[in-house]
Each structure stands twice: as structure tokens, then as C-alpha cells.
Amino acid sequence: MPKKASPCNVVIKTAKFHPMQSLQHQHQHLILIGMMGSGKTSVGRLLAVSHRLPFIDTDHEIEQRAGSSIPDLFAAQGEAAFREIEHKILTTILQGEERAVISTGGGVVVNGANRDLLWKSGFVVYLKADPETLLGRVSHDTNRPLLRQGDPLQTLTKLLEQRAPFYEHAHLTLQVNRLNCRQIAGRIWAHYSKRH
Ligand code: S3P
């Protein structure tokens, strides 16, 4: 399964998470939303490792349960089928009683039921970046089926226009164009830890 490109120049070691070390707060997940290439996975993993929380990436869970990569899933079953699986998996993940850092796929906010679930299950953080920055981070990545056809900058711009009204409802919006992962993670934690 191809790995996603990391927008961060930080080496993130695999979490040695022990369940007993986590804080048990139901429905206080730390949830990252935003476009492809905004750094949700890298920042989410860093936050989880730094604060000894479990890390869940919805795309990774989808790939595990479907037994195929996201591009293969799109190719074999289409985007609508992918969105159905995404919704089911998100529902299951958010029911988890153990507080976790959760990175979501960029399109998760398009579904209203997903938005309801996300916003009531935790602290939602939007990693906001402009289309040029996003393109710079995903241009060598073949794992994003929506960018495989047409002009990727136009696609990113259009998707961002459609999704921005949903993303902007996040509890916290962070402009991440000029920040590295450690800075982003630090700012998120400063806000989140005040509340939870
Ligand atoms: C998508 C984003 C991807 C993945 C799928 C669809 C989107 O996740 O869920 O390719 O619609 O923006 P990332 O945002 O993690 O790249």
C-alpha cells in the first residue's frame, strides 16, 4: 500500500502506545479536518506520539477494512461506494470510548451526517492551506484518485471552494501555509488542552 507523502521534515517514530497511559474521556477526540496535503496525517501522528494518545487515520482504516488501497477502491467501486465506507468507518471510530487523535480524509465534511458526528464527538481543527501549497505537497503523490485526472491545481481550487464553508465551522482554524508540523501540533495542543 503506497505511503502518503509527508509535508513535514520531521522524523516521527512509531508510537509505543500503552492503553493504560491514555486519559479516558469519552467523545473528546481531537479531530483534524482539511484538504488533501494539509498535513492532517503527519500532524495527527505527531500529536498522538507527543501526548501518548492513540492515533486513528480514517483513510488507513478504510484501506485496512476494504483490503485495498484508496485508488484501487475508487477504481473498482467508484467514489460513492468509497463515501459509504468512509461514513460507516467514521461512525465506528467516533463511537470509540477512548480519547484519540483522529485524522480524516479531505472529503469527509461533504456528508452532513459525518459533520454532525464529527462536531459532537470532539474538538475539530481545520488545517487551512491555499491550493498552491496543497499542490506542492501532493504533486508527487499517486495516492489521491481525485487528482489523477485534469489539472490538479484547478481540482484542488474547486474542491476547496466547495468544502471551505464546512471546514470553516471547525472549533479551531489554523492557517498552516507557513508552519511546520511541530508548530502546528504545538498550537493545536495549546487550544485543545485548555478545553479537555
Ligand atoms: C479525499 C481525500 C483523501 C482520501 C480520498 C478522497 C478527498 O484523504 O480520503 O482520496 O475527497 O479530498 P486525504 O485528505 O488524507 O488525502
Side-chain angles (χ1 to χ4, degrees), residues 1-8 12 30-48 55-94 100-115 117-118 124-168 170 173-174 176-177 181 184-185 188:
M1 221 171 270
K3 283 206 165 157
K4 287 184 179 180
S6 166
C8 309
I12 300 170
L30 174 48
I31 298 164
L32 304 183
I33 62 168
M35 289 286 290
M36 308 170 238
S38 59
K40 293 165 295 190
T41 301
S42 305
V43 171
R45 198 177 286 132
L46 179 57
L47 277 163
F55 174 65
I56 304 169
D57 179 87
T58 59
D59 285 343
H60 178 73
E61 295 301 313
I62 292 167
E63 290 180 326
Q64 292 295 304
R65 289 194 212 177
S68 74
S69 70
I70 289 181
D72 288 348
L73 195 54
F74 265 69
Q77 299 186 45
E79 183 174 351
F82 168 81
R83 296 293 170 203
E84 263 182 49
I85 300 172
E86 184 177 52
H87 172 68
K88 282 188 192 147
I89 284 180
L90 185 74
T91 306
T92 308
I93 290 171
L94 292 176
V101 180
I102 300 168
S103 291
T104 57
V108 77
V109 296
V110 173
N111 176 324
N114 289 348
R115 294 198 298 277
L117 276 172
L118 288 166
V124 180
V125 181
Y126 170 32
L127 303 190
K128 181 175 181 174
D130 60 42
E132 289 76 14
T133 303
L134 296 169
L135 181 66
R137 291 172 176 179
V138 298
S139 54
H140 299 297
D141 191 346
T142 54
N143 208 30
R144 267 86 176 202
L146 293 176
L147 301 180
R148 283 184 168 182
Q149 281 163 6
D151 174 5
L153 184 59
Q154 262 180 25
T155 306
L156 285 167
T157 306
K158 200 175 115 211
L159 288 174
L160 184 54
E161 262 173 36
Q162 291 166 354
R163 296 171 180 178
F166 305 130
Y167 290 146
E168 301 278 354
T173 294
L174 263 189
V176 298
N177 288 332
C181 280
I184 300 167
I188 292 172

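Remember, it's 1-based here, ligands and their atoms both numbered in the order they're listed.
Between Gln162 and Val110 the shortest side-chain heavy-atom distance does not fall below 4.5 Å. Met35 is not listed as a side-chain neighbour of Leu127, based on a closest heavy-atom distance of 4.5 Å or more.
Here is the list of ligand 1 atoms found below 4.0 Å of a heavy atom in Leu146: 7 (C), 11 (O). Each of the following atoms of ligand 1 lies closer than 4.0 Å to a heavy atom of Phe82: 5 (C), 9 (O). Here is the list of ligand 1 atoms found below 4.0 Å of a heavy atom in Arg163: 7 (C), 11 (O), 12 (O). Counting the atoms of ligand 1 from 1 in the order shown, those under 4.0 Å from a heavy atom of Lys40 are 13 (P), 14 (O), 15 (O). Set against the non-hydrogen atoms of Gly105, the atoms of ligand 1 under 4.0 Å away are 8 (O), 9 (O), 14 (O).
Among the atoms of Gly34, none of the N or O lies under 3.5 angstrom from an N or O of ligand 1. Considering backbone and side-chain N/O atoms, Arg144 comes within less than 3.5 Å of an N/O atom of ligand 1. At least one N/O-N/O distance between Asp59 and ligand 1 falls below 3.5 Å.
Taken from OG1 in Thr92 to CD in Glu61, the straight-line distance is 9.5 Å, to the nearest 0.5 Å. In this structure, CG on Asp151 lies 11.5 Å from NZ on Lys158, to the nearest 0.5 angstrom.
Taking all atoms of both residues into account, the shortest heavy-atom contact from Ser69 to Glu63 is CA-OE2, 3.6 Å.
Other residues, nucleotides and ligands contribute over 12 non-hydrogen atoms within 6.0 Å of the CD atom of Glu168.
Ring geometry, Tyr126 versus Tyr167: the interplanar angle falls under 30°, so the pair is classed parallel (tilted spans 30 to 60°).
With Glu86, Arg137, Arg83, Met36 as candidates, the residue nearest to atom 6 (C) of ligand 1 on a non-hydrogen basis is Arg83.
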